[in-house]
Amino acid sequence: VDGGLSRRALFGGGAGLGLAALAPAAATARPRPWPAAKAPSMAGVPFEPRDTVRVGVIGLGARGMGVLPLFLDVPHVTVPAVCDLDPQRAADAARLVEQAGQPSPARYTAGDWDFQRLCARDDLDLVYVATPWEWHHPMALSALRHGKHVGVECPLATTMDDLWDLVDASEVARRHCMQLENVCYGPLELRLLRMVHEGVFGELVHGAGAYQHDLRASLFSPTRYYHQWRRAWHTRLRGNLYPTHGLGPIAAYMDVNRGDRLARLVSMETPSLGLEAYRREHVPPGDPLWTEKYLDGDMNMSVIQTAKGRLIRLEHNVCDPRPYSRVNMIAGTKGIFEGFPSRVYLEPDATDHVWRGIDQYTRYDHWLTKDVNTPRHPDDDGANYVMVWRLVQTMRLGLPPDITVYDSATWSAPGPLSRESLARGGAPVEFPDFTRGHWRDPVPGLDSVKPA
Ligand SMILES: NC(=O)c1ccc[n+]([C@@H]2O[C@H](COP(=O)([O-])OP(=O)(O)OC[C@H]3O[C@@H](n4cnc5c(N)ncnc54)[C@H](O)[C@@H]3O)[C@@H](O)[C@H]2O)c1
């Protein structure tokens, strides 16, 4: 058995939904053609096997310096090069690499475009991009054009043109371009994925995902983000600025790009109030921050319909006080799970309309949760380490990646699509088929089989 093939691809479990399939063209107000492919699909294309995975890291802020030690902890990974605008951060990263017993990495710190010299090196297999959103597209493009696979932080890119550009560039370069969506590798998300594929939820009907994270203090902090890049996005754009943490797991449960696809989206949002209110309380009058105008509504809600007629509710709110939530809801003809806090109701185990705990379903845990040892990373649920470990495994064994460039573009697309729908008064907008018609193909995905 090919270790990269998903159980679903092998056994085809539950693919035949009774829900009426939507004709994508009929499902939208404004159908449009997609750009013609310049090269064959990258779905299911295996990595070339290698013993060692050589990683170059661009962006050594909070996220890059959080993930670098995870790469260094995985056996058979080397880090020959790092890049950041800040030489001190590059020096700190170099020290981490040296402490892992590796030669000191080359450092690229000579300005905004020095990452191109890192991408041009001939001793890298993978470039990892952990920079502000505006840099994801040029950095991923440079890596692909220099023949490197590339893993990109969330979201993959912020415009539809840039998403298509990366799909095309990946296909032409024959290199993978992957959204490194850590949330998909959480033990709970992987357990739910297994449960869905075992038919425990029956036929799927709807789901919901979100990024609800009170970021106000971080957004206004003078030091948390490099040049306060993240708040700047709130002055530029409306809509869902950060869709992939919420959508990635739900899309995986629904086999999006592996039997179903996202067909159309409608989006609405509230007025923008939270950042203004925070500024009134925390920023003295006359401060330059008072010239900023915040555009995006506090709560953005989109509804996505899939080709099979299922619904996904997708929410984004980083501007109001609240506990963190990604909602992570999935529901079908046999029951429902909702996260934050976790609760489940599944027939025939439950028939009394009372929520249960999810712990009774640990028997469905994914092999990655059971096999990958994450003892040195107790600060999170292990998702980040498992993601990095599995990426390295697929690259070493010559398996296809769990997350394709089509998944990456699909999960990021609600950013520009929500803006388009908002600009048109909440009208439905067609979801592009980044697979260009291959969305029914049984390509390997996150529900991987443990390699022999
Ligand atoms: N997956 C997750 O859970 C998660 C968590 C946090 C952040 N992120 C993502 O990671 C990315 C970085 O976020 P962060 O919180 O680390 O931001 P940050 O501001 O802490 O770090 C950004 C770093 O990028 C560097 N940088 C900026 N422009 C550059 C350029 N042209 N060349 C080289 N380096 C450059 C900055 O100097 C800084 O060190 C974002 O895309 C964010 O959405 C993901």
Side-chain angles (χ1 to χ4, degrees), residues 56-71 81-94 96 105-119 127-143 150-158 162 166 178-186 189 209-213 215 217-234 237 240-249 316 318 324 326 377 379-388 391 403 408 411-412 415:
V57 180
I58 309 176
L60 301 162
R63 182 63 179 165
M65 287 298 272
V67 173
L68 172 61
L70 308 184
F71 274 113
V82 297
C83 170
D84 198 285
L85 298 177
D86 182 347
Q88 184 57 50
R89 290 184 178 187
D92 293 344
L96 284 181
R107 302 179 213 168
Y108 295 88
T109 60
D112 274 348
W113 296 91
D114 207 25
F115 67 85
Q116 293 175 318
R117 290 201 301 132
L118 177 145
C119 293
V127 173
Y128 168 54
V129 175
T131 51
W133 303 335
E134 52 270 42
W135 286 104
H136 291 185
H137 168 257
M139 289 173 173
L141 199 60
S142 176
V150 61
V152 186
E153 270 307 333
C154 322
L156 180 63
T158 59
D162 287 353
L166 291 176
M178 300 156 289
Q179 179 81 85
L180 293 193
E181 182 38 82
N182 44 313
V183 163
C184 291
Y185 287 91
E189 284 77 3
Y211 188 65
Q212 319 226 49
H213 191 179
L215 288 181
S218 298
L219 290 173
F220 279 98
S221 160
T223 53
R224 165 59 188 90
Y225 294 110
Y226 160 77
H227 281 205
Q228 306 183 48
W229 65 265
R230 197 155 178 167
R231 196 181 67 255
W233 281 97
H234 292 259
L237 295 178
N240 189 329
L241 300 184
Y242 207 61
T244 70
H245 283 338
L247 183 54
H316 177 262
V318 297
Y324 180 91
R326 295 190 305 273
H377 308 285
D379 49 323
D380 61 11
D381 62 3
N384 290 297
Y385 184 74
V386 171
M387 173 187 72
V388 169
L391 173 60
I403 298 172
S408 308
W411 302 347
S412 299

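Each ligand, and each atom within it, is numbered from 1 in the order the structure gives.
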Go through the structure and list residues passing side chain to side chain donor-acceptor pair (under 3.5 Å) with Asp114, not counting sequence neighbours. Arg117
Output all residues satisfying side chain to side chain donor-acceptor pair (under 3.5 Å) with Arg231, sequence neighbours left out; order by chain, then residue number. Gln228, Glu292
Could you name the protein residues that come within less than 4.0 Å of ligand 1, counting only heavy atoms, and order them by chain and residue number? Gly59, Leu60, Gly61, Ala62, Arg63, Cys83, Asp84, Leu85, Arg89, Asp112, Ala130, Thr131, Pro132, Trp133, Trp135, His136, Met139, Glu153, Cys154, Asn182, Arg224, Tyr225, Tyr226, Trp229, Tyr242, His245
Side-chain heavy atoms of Trp113 within contact of Phe115, under 4.5 Å: yes
With a 4.5 Å cut-off on side-chain heavy atoms, are Leu60 and Asp86 touching? no
For Tyr226, ring-ring contact (aromatic ring centres under 6.0 Å, His included) partners two or more places apart: none
Please determine, by modelled atom types, if Ser142 and Gln116 share a side-chain donor-acceptor pair under 3.5 angstrom. no
